[in-house]
2 protein chains.
Amino acid sequence: MIYIMKIYMAPRNRTTPYAVLGMLHIRPMSGYDIRKEAETSLGYFWSESYGQLYPALRDLAAAGLIRRRAGGRTGTRERQVYEITASGREALALWRTQPPRPTPVRSELLLKLFFGNRASTGPELNWIDDVLATETAALRDFRRIRSELRLQGDHPSLPFWLITLGYGEHRSRAVIRWCRESRKALRAMVRGAGRKATRR
Amino acid sequence: MIYIMKIYMAPRNRTTPYAVLGMLHIRPMSGYDIRKEAETSLGYFWSESYGQLYPALRDLAAAGLIRRRAGGRTGTRERQVYEITASGREALALWRTQPPRPTPVRSELLLKLFFGNRASTGPELNWIDDVLATETAALRDFRRIRSELRLQGDHPSLPFWLITLGYGEHRSRAVIRWCRESRKALRAMVRGAGRKATRR
DNA sequence: CATGATATATATCATCCAGATATCTGTCCA
DNA sequence: TGGACAGATATCTGGATGATATATATCATG
């Protein structure tokens with residue numbers, strides 16, 4: 001029997017280099033800057049870890065997609081600033097046309113809630129209060145970012161920035177609604193359990 | 001100078017074994033069943049890959065937290081069904097009291113949108129239409145699940161299942177709203193570019 | 001009834017990725 | 001003067017994904 005071996009060279013995710021390329025497309029940055037950016041403005045939909053970042057910068061520079069240059073000492077120590085090259089822009093543009101791959105979800109909070117039991121309610125309410133606080137703060141940030149973007153005039157990426165920002169806003173509002181709803185449900189459940197306990 | 005070495009034995013995430021334990025707490029299952037469950041009913045907030053699943057089952061069985069037994073041939077091939085043990089239940093209960101760790105977000109869709117440019121709009125509308133279709137289908141599923149849960153009477157975990165389900169519903173509705181809004185924005189942008197192009 | 005597509009089922013391996021850790025310098029402030 | 005802290009670069013371990021391999025049984029289809 002004849003069979004065909006599919007060799008297709010494992011098209012792994014490998015998104016980190018493109019994320020880096022995209023960040024450097026906006027403006028030249030150091031590794032530290034990229035991380036900062038991912039923590040603050042992109043944090044609600046993208047995260048980068050050092051363990052991926054620095055190797056990616058090295059590899060991209062070796063491939064000629066970015067260029068390393070001394071960035072002067074803005075503060076304390078010699079900065080290594082990277083800027084995107086023409087071929088880097090090409091690679092980014094090509095990647096941008098490929099459909100995005102869905103990233104798996106893993107919410108430990110929801111998993112722990114899912115395994116919850118009426119008989120042994122514990123710190124669930126606190127967890128939900130924490131989420132509520134986080135998302136409320138996020139919503140404040142989004143409002144600030146939105147007004148900053150409005151003032152900034154029209155960058156060619158502005159419509160897309162507003163779209164991603166909109167995602168964050170919709171998401172946060174939904175989570176806040178869920179928190180309030182779930183708090184009610186949890187409190188009702190605890191009261192129910194209490195009543196049963198006293199009636200006994 | 002005297003300094004203290006923090007050795008704290010890398011409290012890595014290691015959530016897979018507990019996810020498995022939790023699933024087996026609900027009912028005895030095979031590895032395949034767990035994966036199926038994660039793909040369908042838990043899919044909107046939790047995912048498991050085979051690469052973690054089978055080693056976790058082996059390790060948990062070796063540690064005595066679960067027990068392996070022959071599950072008869074339900075269909076095609078000998079099934080290896082696992083059930084949770086008393087010490088497994090204890091481990092699960094302990095883990096459940098620990099606060100959940102936040103899991104990093106990485107949405108390739110939003111990243112690609114963020115790097116978008118007014119000058120070169122491409123397949124973004126299609127991506128958003130895909131999301132819209134997915135979330136609409138998810139919402140239908142949630143409705144079905146909700147009515148199934150209502151019929152099922154009162155399992156001690158029911159209130160928690162409704163809470164996680166509520167999360168999925170709120171989230172899907174928010175994403176759907178975002179899709180509609182973003183489609184409008186994208187179409188307006190393309191029209192704007194078109195007008196500029198014809199005016200030239 | 002051969003053929004192939006598909007579902008059930010278990011398992012491994014190559015990468016990819018997160019987070020902990022290490023190290024160093026300058027600034028602020030008590 | 002000394003410590004806390006922020007800016008900065010980097011590495012390593014171990015956890016997680018997804019592709020792949022291997023089998024068997026079922027079911028539609030010509």
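Just so we're on the same page: letters track the sequence lines, and every chain starts at 1.
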| message | Under 4.0 Å from OP1 or OP2 of D:dT17: is there any side-chain N or O of A:Arg101 that close? | response | no
| field | A:Ser120 versus A:Asn117, side-chain donor and acceptor atoms under 3.5 Å | value | no
| query | Between A:Arg14 and C:dT15, does any side-chain N or O lie under 4.0 Å from OP1 or OP2? | reply | no
| task | Could you tell me the separation between the CD atom of A:Glu39 and the C1' atom of C:dA18, rounded to a whole number of Å? | result | 13 Å
| Whole-Å distance separating the CG atom of A:Leu57 from the C1' atom of D:dA10 | 11 Å
| task | Please check if A:Ile128 and B:Leu162 belong to a single hydrophobic cluster, counting links between Ile, Leu, Val, Met, Phe, Trp and Tyr side chain heavy atoms closer than 4.5 Å. | result | yes
| Are OP1 or OP2 of D:dA16 and a side-chain N or O of B:Thr16 less than 4.0 angstrom apart? | yes
| request: Please determine if B:Glu135 and B:Arg171 form a salt bridge, counting it only when a charged side-chain N lies under 4.0 Å from a carboxylate O. | output: yes
| Pairing of A:Glu83 and A:Arg67 as salt bridge, 4.0 angstrom limit | yes
| request: To the nearest 10°, let me know how far the axis at one end of the helix from C:dC1-D:dG30 to C:dA30-D:dT1 is tilted from the axis at the other, five pairs an end. | output: 30°
| task | Only counting residues at least two apart or in another chain, list the ones meeting ring-ring contact (aromatic ring centres under 6.0 Å, His included) with A:Tyr32. | result | none
| query | For B:Gln80 and D:dT24, what is the distance between atoms CD and P respectively, to the nearest whole Å? | reply | 15 Å
| Lys/Arg-Asp/Glu bridge criterion (N-O < 4.0 Å) met for B:Arg27, B:Glu37 | yes
| Of A:Pro17 and B:Tyr82, whose nearest nucleotide on DNA chain C comes first from the 5' end? | B:Tyr82
Do any side-chain atoms of residues 136-144 of chain A form donor-acceptor pairs under 3.5 angstrom with protein atoms, and if so which ones, sequence neighbours left out?
| unit_1 | atom_1 | unit_2 | atom_2 | d |
| --- | --- | --- | --- | --- |
| A:Thr136 | OG1 | A:Leu132 | O | 2.6 |
| A:Arg144 | NH1 | A:Glu148 | OE2 | 3.2 |

| note | A:Arg106 CZ to D:dT17 C1', in whole Å, measures 9 Å
| field | A:Tyr54 side-chain proximity, nearest of C:dC16, D:dT11, C:dA18 | value | D:dT11
| said: Does this structure show an ion pair linking B:Glu48 with B:Arg35, if we count only N-O contacts that are shorter than 4.0 Å? | reply: no
| query | Is any side-chain N of the basic residue among B:Arg177 and A:Glu169 closer than 4.0 Å to the acidic one's carboxylate O? | reply | no
| query | Does any residue of residues 21-37 of chain A have a heavy atom under 4.0 Å from DNA chain C, and if so, which ones, in number order? | reply | none
| message | What residues from residues 41-52 of chain B pass a heavy-atom cutoff of under 4.0 Å to DNA chain D? | response | B:Ser47, B:Ser49, B:Gly51, B:Gln52
| request: Give a yes or no on whether the ring-centroid distance for B:Tyr18 and A:Phe115 is below 6.0 angstrom. | output: no
| query | Which residue, B:Arg68 or B:Thr103, contacts DNA chain C at a nucleotide closer to its 5' end, judged by nearest heavy atom? | reply | B:Arg68
| field | B:Leu53 CG - D:dA19 P separation (whole Å) | value | 17 Å
| Which residues share a ring-ring contact (aromatic ring centres under 6.0 Å, His included) with A:Tyr167, sequence neighbours left out | B:Trp178
